[in-house]
Amino acid sequence: MGQANGIGQAMEMGVAEKVSKVVAVESPLLAFAMGIAMCFGIESEDCCEWLGVFCNNLTGHVKELHLGLLSSRPDVHAPHAEWDVEWDVYIRSKLGGKSQQKHLSFLELSNNDFGGLAIPEFIGSMKSLIYLNLSWANFQGAIPHNLGNLSKLHYLDLGHNSLFEDKTLQWVSGLSSLQYLDLSHADLGKATDWLQITNKLPLLAELHLSGCYLYNDPSPISVNYTSLAVLDLSANKLSLVPTWIFSLRSLVSIDLTLNGVEGVIPNGFQNMSSLKFLDLSWNSFSSSSTLNWLSNLNQLQFLGLRSVGLQGNFSSAIGNLSSLTHLDLSGNLLEIIVPKYLESLCNLRELDLSNNGIVHEVSEIIESLSRCSLDRLESLNMGFNKLSGHLPDKLGQFKNLAYLSLSGNFISGPIPFSIGKLSSLKFLDVLNNRLNATLPQSLGQLGNLEHLDVCNNMLEGHISEMHFSNLTRLRFFRASNNMLTFKPNPSWIPPFHCESIELRNWHLGPQFPQWLQFQKNLSRLDISHAEISVVIPTWFWNISTQLEYLNLSHNQLIGEISYLPMKRTVDLSSNLFIGPLPLPISYLRFLFLSKNLFSGSLSNFLCNSSTKLEALTILDIESNLLSGEIPNCWENWQMLQVLNLGNYNLTGKIPRSLGSMRSIRSLNLRNDNLFGEVPSTLQHLVEVIILDLSENQLTGSISAWIGDKLLNLVVLNLRSNNFQAYIPDQICAINSLQVLDLVYNNISGVIPKCFSNLSAMATKTLYQYVGNFAWELDRINLIPLAALLVMKGREDAYSNTLGLVTIIDLSVNSLTGEIPKELGSLMGLRSLNLSGNFLTGKIPENIGSMEVLESLDLSMNRFHGEIPSSFSNLNFLNHFNLSYNNLTGQIPLST
Ligand SMILES: *[C@@H]1O[C@H](CO)[C@@H](O)[C@H](O)[C@H]1NC(C)=O
Ligand SMILES: *[C@@H]1O[C@H](CO)[C@@H](O)[C@H](O)[C@H]1NC(C)=O
Ligand SMILES: *[C@@H]1O[C@H](CO)[C@@H](O)[C@H](O)[C@H]1NC(C)=O
Ligand SMILES: *[C@@H]1O[C@H](CO)[C@@H](O)[C@H](O)[C@H]1NC(C)=O
Ligand SMILES: *[C@@H]1O[C@H](CO)[C@@H](O)[C@H](O)[C@H]1NC(C)=O
Ligand SMILES: *[C@@H]1O[C@H](CO)[C@@H](O)[C@H](O)[C@H]1NC(C)=O
Ligand SMILES: *[C@@H]1O[C@H](CO)[C@@H](O)[C@H](O)[C@H]1NC(C)=O
Ligand SMILES: *[C@@H]1O[C@H](CO)[C@@H](O)[C@H](O)[C@H]1NC(C)=O
Ligand SMILES: *[C@@H]1O[C@H](CO)[C@@H](O)[C@H](O)[C@H]1NC(C)=O
């Protein structure tokens with residue numbers, strides 16, 4: 001067999017051209033189909049020379065067609081639906097009765113795009129086929145039953161199309177020579193006889209039925225597949241391990257991943273002594289039910305059960321499978337695995353226990369594995385469990401270990417020196433643990449290491465050049481959020497060329513790390529919070545052109561920057577840069593320049609048409625020394641989602657064109673010197689979640705359109721302005737509102753009764769949307785939501801915790817009238833401040849039913865009467881002020 005080729009290449013060799021001489025053909029696929037017909041000698045063309053076509057060199061008959069597409073070509077696309085019929089009819093008319101096709105034994109059309117056509121019927125008449133592969137080819141519809149006529153087939157692969165079978169798999173029983181059957185992703189939900197039928201295929205060795213909507217077998221039959229070695233029932237709807245599996249002693253591989261199987265791992269596995277691959281991942285297997293009590297011990301971090309024999313526990317079944325080479329139990333609910341049973345798995349090469357809740361000491365498991373699989377184990381993944389304790393020295397003896405992941409556990413202590421002996425190690429991932437001490441120098445011996453991630457631990461001490469001495473293959477070096485110090489000799493040339501270097505929170509400065517200039521493949525660099533306090537060296541701008549992500553924030557970098565050559569994300573915030581804002585020279589998505597000393601006018605940066613800012617999603621330039629007015633050139637910023645322009649002495653009015661940024665989700669103009677009314681164009685910002693215009697000198701009334709149009713608002717902050725008139729009832733229509741801050745204005749009138757409609761504050765569950773947004777931003781490692789909120793008298797920056805905050809603060813205004821008792825229905829409110837107004841009357845009794853209230857300030861009003869006794873229900877209250885009123889009665893004693 002030669003190398004596989006695609007229809008695309010075959011056509012390049014002229015099939016379509018030759019065909020179009022015979023008949024006018026518009027569709028490349030039809031042309032191809034005709035080409036096949038011609039190949040069978042019907043049009044007496046010789047195509048044995050074509051790529052992917054193999055002929056019998058004695059008879060000239062086409063024997064094999066290898067037309068799986070390797071690289072898709074845009075011009076080979078689906079024909080119109082009507083070609084479907086014509087194709088089939090044409091081919092059949094050409095083939096009908098003719099004899100040439102009987103020589104074709106191999107037909108492979110996988111990885112093409114047949115645009116949702118049905119599998120053509122004529123394939124069922126190619127009786128000499130031994131191998132038929134139509135997988136990954138975008139066929140749709142019912143599986144043609146005449147495929148069952150292909151009694152010589154050894155291999156039938158129809159997997160990964162969108163096929164279905166609406167009655168029975170009876171036709172399969174005609175395939176008496178079948179050794180390999182793959183119907184993955186075909187909907188077999190109605191073909192409930194699949195088991196009986198496939199069981200009767202005497203030579204069947206591999207059965208792949210992944211994602212076929214199979215349910216637990218309603219009528220268990222005795223199954224005896226005589227030859228079956230590989231069984232793939234992954235991604236179905238099974239809630240039990242089918243018991244017939246256990247009688248199939250010839251099985252070598254079982255894949256049950258992604259079903260909904262519950263309960264303990266059944267004992268039935270214990271006699272499957274030929275099993276080599278067992279994948280039970282992403283189900284709901286749990287530890288023995290006798291251990292259920294353990295699941296209540298959420299804080300448990302150590303449990304010694306090493307020598308306890310727990311019958312009926314999963315491990316006793318697994319422990320007998322001494323032939324296993326691959327065991328995957330990830331993504332289940334296992335907490336106890338009884339490491340002892342791992343001791344008999346002497347052939348194990350890959351073990352994946354990740355994403356469970358396993359509570360053992362890590363040394364216990366490694367010790368048990370070392371008994372028998374020391375020489376064989378190549379891959380060990382125990383990430384995302386509750387493992388504790390220290391890494392044992394034994395670790396260094398797994399001499400074939402290439403992949404080791406222990407991330408997301410509670411492992412403490414040092415990384416053992418013996419790690420340097422793992423000469424095969426390519427991938428080491430211990431992120432998010434509690435490792436302390438320093439990195440061992442022996443790490444530098446790992447000549448095969450490509451990926452090193454020790455982020456988010458408590459490592460400390462000095463790193464030297466020796467730590468990297470032999471790391472020639474290192475490509476991903478992630479070690480942020482440790483307290484390590486690295487100040488190599490300025491002439492040091494690292495042995496590696498990394499794509500990613502992340503050393504946030506290291507002690508690297510005051511000099512700029514000179515060794516970075518040799519990193520020619522770098523696309524991601526984070527050396528933020530690293531105490532660097534010099535001018536960025538000129539060589540750095542050369543390596544910057546290929547950077548997709550650069551974070552130099554929170555250093556003391558100085559000097560001017562004229563342009564930004566990086567590609568996607570640049571964070572230079574919290575440094576001491578001066579001069580005009582630097583202009584990007586390629587299309588950036590995320591740009592952070594806040595908290596520097598940049599000066600000059602904004603319009604040069606924002607309105608200069610030659611700058612490539614149109615793709616920007618986040619622009620954070622607050623807290624610099626820019627001056628003048630906010631320019632009126634926002635029409636082109638259709639992609640912008642976050643704009644931070646706060647903390648300046650910017651003067652003038654809010655420009656009308658700000659209202660054209662239709663994607664904006666967070667707009668922050670806080671603490672500038674803006675005056676005049678809020679332009680009505682801002683009502684077009686219908687996506688906005690956070691609107692912060694606080695600390696300016698804005699005037700006029702609070703417009704009703706805020707409540708009519710800005711229905712996604714979560715934070716509305718108008719604090720410290722000169723807004724007048726009253727609170728419009730329309731505000732009550734903003735279901736998502738969590739923070740309403742109108743402090744220090746001149747607002748008069750009454751508190752609207754309709755506040756009770758503010759549903760995000762009326763429920764105790766979190767409002768999800770802002771959580772997702774914050775999470776999106778957090779994922780790209782950015783914390784730009786400077787939604788500065790005032791709670792409990794303190795200023796805090798809320799970003800991804802914003803989902804937890806609910807505040808109404810109307811203090812220091814001129815509000816009159818009584819507190820509407822409807823306010824008491826805001827059961828999710830955590831902070832209520834009405835102080836410094838002219839409110840009168842009694843405090844409604846039901847304020848005491850706002851159970852999650854943490855802060856309540858009604859001081860400096862004209863309330864009278866009794867302090868409601870219900871206040872004693874306010875169990876979370878930690879800030880409480882009723883002073884300067886005319887109230888009587890007892891201060892509640894609850895907290
Ligand atoms: C037929 O092809 C095979 C493999 O390409 C080759 O080994 C054999 O010699 C050829 N026979 C003739 C008669 O050309
Ligand atoms: C069918 O083709 C696909 C894609 O090229 C391949 O992954 C698969 O192994 C083939 N099936 C068989 C039975 O060879
Ligand atoms: C092929 O299969 C179809 C449908 O299963 C059947 O009706 C037909 O008789 C078969 N043809 C031959 C030649 O076996
Ligand atoms: C396999 O089971 C079927 C029924 O399930 C039965 O008819 C057949 O005789 C069995 N074959 C063997 C070899 O046990
Ligand atoms: C395993 O095999 C033993 C001995 O053949 C037998 O007694 C036992 O019942 C079998 N266990 C299962 C679960 O099939
Ligand atoms: C399974 O292992 C247990 C001990 O773990 C042993 O007593 C039993 O004989 C083993 N069964 C088989 C069939 O190997
Ligand atoms: C590491 O942490 C452990 C437990 O928290 C502590 O006992 C030990 O002293 C620490 N070691 C170092 C070097 O800080
Ligand atoms: C460095 O790694 C190579 C394999 O890449 C190995 O042959 C050599 O012994 C190692 N040297 C040291 C000093 O560890
Ligand atoms: C305070 O309330 C009492 C009765 O509750 C009333 O007699 C008194 O005049 C009030 N004082 C002021 C200053 O309003």
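These numbers come from the heavy atoms of this one structure, side chains and all, not from hydrogens, waters or symmetry mates. One-based numbering, in listed order, for ligands and for the atoms of each.
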Grab the two heavy atoms, one from [X] and one from [Y], that are nearest each other, plus how far apart they are.
X: N283; Y: L256; value: ND2-O, 3.0 Å
X: L188; Y: E165; value: CD2-CB, 3.7 Å
X: H360; Y: I337; value: NE2-N, 2.9 Å

Taking 4.0 angstrom as the limit and counting only heavy atoms of E460, give me the atoms of ligand 7 inside it, by number and element. 14 (O)

Does ligand 7 have any atom that is closer than 4.0 Å to a heavy atom of M458? no

Partner residues of S464 under the side chain to side chain contact (heavy atoms under 4.5 Å, CB included) criterion, sequence neighbours left out: Q441, M466, H467

Not counting sequence neighbours, which residues clear side chain to side chain contact (heavy atoms under 4.5 Å, CB included) with P440? List them please. I415, F417, I419, S442

Any pair counted as salt bridge (Lys or Arg N to Asp or Glu O under 4.0 Å), so long as it reaches residues 478-487, sequence neighbours left out: D453-R478, R478-E502

Where does ligand 2 get N/O contacts under 3.5 Å from the protein, atom by atom?
| from | atom 1 | to | atom 2 | distance (Å) |
| --- | --- | --- | --- | --- |
| ligand 2 | 2 (O) | S110 | OG | 3.4 |
| ligand 2 | 2 (O) | N133 | OD1 | 3.4 |
| ligand 2 | 2 (O) | N133 | ND2 | 2.3 |
| ligand 2 | 2 (O) | S135 | OG | 3.4 |
| ligand 2 | 5 (O) | S110 | OG | 3.2 |
| ligand 2 | 5 (O) | N111 | ND2 | 3.3 |
| ligand 2 | 11 (N) | N133 | ND2 | 3.0 |
| ligand 2 | 11 (N) | D157 | OD2 | 2.8 |
| ligand 2 | 14 (O) | Y131 | OH | 2.7 |

Which one of N432, L435, L439, N436 satisfies the side chain to side chain contact (heavy atoms under 4.5 Å, CB included) criterion with N457? L435

